[in-house]
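To start, the structure under review is shown below, and the notes come after it.
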Amino acid sequence: MTGLLEVSGLTGGYDGVPVLHGVDLAVRAGTICAVLGANGAGKTTLLRTLSGLVRPSAGRIVFAGRELRDVSVQHLVRRGLVHVPEGRGVIAELTVEENLRLGGLWRRDRRALRRAVADVYDLFEPLAARRRYLGHQLSGGEAQMLALGRALVAGPRLLLLDEPSLGLAPRVVAQIMGLLRRLRDETGLTVLLVEQNVRSALSVADDGVVMSLGRVVAAAQAGRLAGDAGLRHAYLGF
């Protein structure tokens, strides 16, 4: 198993109750890998464990050749692993500009930070027009753009993205998925995407992992997963 991210035997959960049971997966550099499965499959717990928010009880997490267990969240971000949690996490009382700058707090080069924020405005034109708006004044789609933009300001090598389509109109979902494809193709960004919208996820993903009850039950190229009728009916609901 080789990849930018390599996970082996990952076990963990909350308050001593295991949610993940020996999870193995690999994410190749410059690809989008979709993590799929029903509610309760352990997808969000997987991302929270990879990003240091949940401490694993067993297993290995290797990112860019370095072990990540016991590395603080702050240092994970500096190494290029950035997590966009479910629910977007936009700070309602801050402006769009202030939210974006938060993503680059660790950057010592102020010029690089300004460039990163400008790049986000180029990528998300609605945000450029609303840079002085407060977070609570944004639509759901704009808030998701802001959450993504803030993560990009941090300069990720690997983006952990949890349910970006949640609560959004189909048109906005298509825009978000198209953006992920563009970032992969133009910048080489690697994405680990947790998504309930299976069709949308598989339409942009290179690879896919299917989880059930905290275990990986299938891992293959996205096209093969989409074409496996038995797997789709058993685990993916279509």
Side-chain angles (χ1 to χ4, degrees), residues 1-14 17-51 54 56-62 83-87 158-185 189-238:
M1 179 172 65
T2 60
L4 179 65
L5 175 72
E6 301 178 12
V7 177
S8 57
L10 190 63
T11 299
Y14 307 94
V17 179
V19 175
L20 305 176
H21 305 276
V23 170
D24 297 336
L25 65 86
V27 182
R28 297 180 292 133
T31 67
I32 298 172
C33 179
V35 181
L36 309 169
N39 287 331
K43 305 184 301 296
T44 290
T45 301
L46 173 63
L47 293 198
R48 288 175 58 83
T49 305
L50 295 176
S51 65
V54 173
S57 57
R60 298 187 71 214
I61 304 169
V62 179
H83 181 194
V84 180
E86 179 183 347
L158 172 62
L159 185 65
L160 308 179
L161 188 54
D162 196 356
E163 300 286 7
S165 75
L166 190 66
L168 300 183
R171 175 182 58 82
V172 181
V173 173
Q175 291 175 346
I176 296 294
M177 294 302 168
L179 173 70
L180 294 180
R181 185 189 294 115
R182 178 181 167 190
L183 288 168
R184 175 200 60 194
D185 294 344
L189 179 66
T190 306
V191 181
L192 186 61
L193 170 67
V194 162
E195 182 54 69
Q196 285 281 6
N197 191 328
V198 175
R199 294 179 190 272
S200 290
L202 290 177
S203 73
V204 299
D206 301 283
D207 303 309
V209 172
V210 181
M211 294 186 66
S212 177
L213 300 177
R215 293 178 169 85
V216 172
V217 296
Q221 292 181 340
R224 288 182 59 191
L225 293 178
D228 187 328
L231 187 70
R232 294 199 324 263
H233 295 325
Y235 297 108
L236 303 181
F238 75 101

> Between atom CG of Leu202 and atom CD of Gln221, what is the distance when rounded to the nearest 0.5 Å?
Replying inline: 12.0 Å

>> Under the rule for side chain to side chain donor-acceptor pair (under 3.5 Å), what residues qualify as partners of Thr31, not counting sequence neighbours?
In response: none

> Got Val27 and Leu4 here, is their nearest side-chain heavy-atom distance under 4.5 Å?
Replying inline: no

> For Arg181, what residues pass the side chain to side chain donor-acceptor pair (under 3.5 Å) criterion, not counting sequence neighbours?
Replying inline: none

> If you take all heavy atoms of Ile61 and Thr49, which pair is closest and at what distance?
Replying inline: CD1-O, 3.9 Å

Extract all donor-acceptor atom pairs below 3.5 Å that involve side chains of residues 229-238 and protein atoms in other chains or at least two apart in sequence.
residue: Arg232; atom: NE; partner: Phe238; partner atom: O; Å: 3.4
residue: Arg232; atom: NH1; partner: Ala226; partner atom: O; Å: 2.8
residue: His233; atom: ND1; partner: Phe238; partner atom: O; Å: 3.2

>> How long is the straight-line distance from OG1 of Thr44 back to CG of Asp162, given to the nearest 0.5 Å?
In response: 3.5 Å

>> Just so I know, are the side chains of Leu5 and Leu50 near enough to count as touching, which here means a heavy-atom distance under 4.5 Å?
In response: yes

Residues 163-178, side-chain donor-acceptor partners within the protein, below 3.5 Å, at least two apart:
residue: Glu163; atom: OE1; partner: Gln196; partner atom: N; Å: 2.9
residue: Ser165; atom: OG; partner: Glu195; partner atom: OE1; Å: 3.3
residue: Ser165; atom: OG; partner: Glu195; partner atom: OE2; Å: 2.5

>> I need the minimum non-hydrogen distance between His83 and Pro85, along with the two atoms involved.
In response: O-CD, 3.5 Å

> Taking all atoms of both residues into account, what is the closest heavy-atom pair of Leu192 and Leu158, and its distance?
Replying inline: N-CD1, 4.1 Å

> Between Leu189 and Leu159, does a side chain to side chain contact (heavy atoms under 4.5 Å, CB included) hold up when you go through it step by step?
Replying inline: CA-CA 8 Å; Leu189 179 66; Leu159 185 65; 4.2 Å; yes

> Taking only residues two or more places apart in sequence or in another chain, which ones pass salt bridge (charged side-chain N to carboxylate O under 4.0 Å, His left out) with Arg60?
Replying inline: Glu67

>> Please check: side-chain N/O of Thr190 versus main-chain N/O of Gly30, any donor-acceptor pairing under 3.5 Å?
In response: yes

> What's the spacing between Leu10 CG and Ser57 OG if we round to 0.5 Å?
Replying inline: 8.0 Å

>> I need the minimum non-hydrogen distance between Val19 and Gly42, along with the two atoms involved.
In response: CG1-CA, 4.0 Å

> Can Leu183 and Val191 be said to form a side chain to side chain contact (heavy atoms under 4.5 Å, CB included), step by step?
Replying inline: CA-CA 9 Å; Leu183 288 168; Val191 181; over 6 Å; no

Only distances under 3.5 Å count here; give the side-chain donor-acceptor pairs of residues 204-211 to other protein atoms, sequence neighbours excluded, each with its distance to 0.1 Å.
residue: Asp206; atom: OD1; partner: Arg184; partner atom: NH1; Å: 3.3
residue: Asp206; atom: OD2; partner: Ile32; partner atom: N; Å: 2.8
residue: Asp206; atom: OD2; partner: Arg184; partner atom: NH1; Å: 3.2
residue: Asp207; atom: OD1; partner: Arg28; partner atom: NH2; Å: 3.2
residue: Asp207; atom: OD2; partner: Arg28; partner atom: NE; Å: 3.0
residue: Asp207; atom: OD2; partner: Arg28; partner atom: NH2; Å: 2.9

> Looking only at heavy atoms, what is the nearest atom pair of Ser51 and Arg48, with distance?
Replying inline: OG-O, 3.3 Å

>> Please give me the minimum heavy-atom distance between Val54 and Gly13, naming the atom from each residue.
In response: CG1-O, 3.3 Å

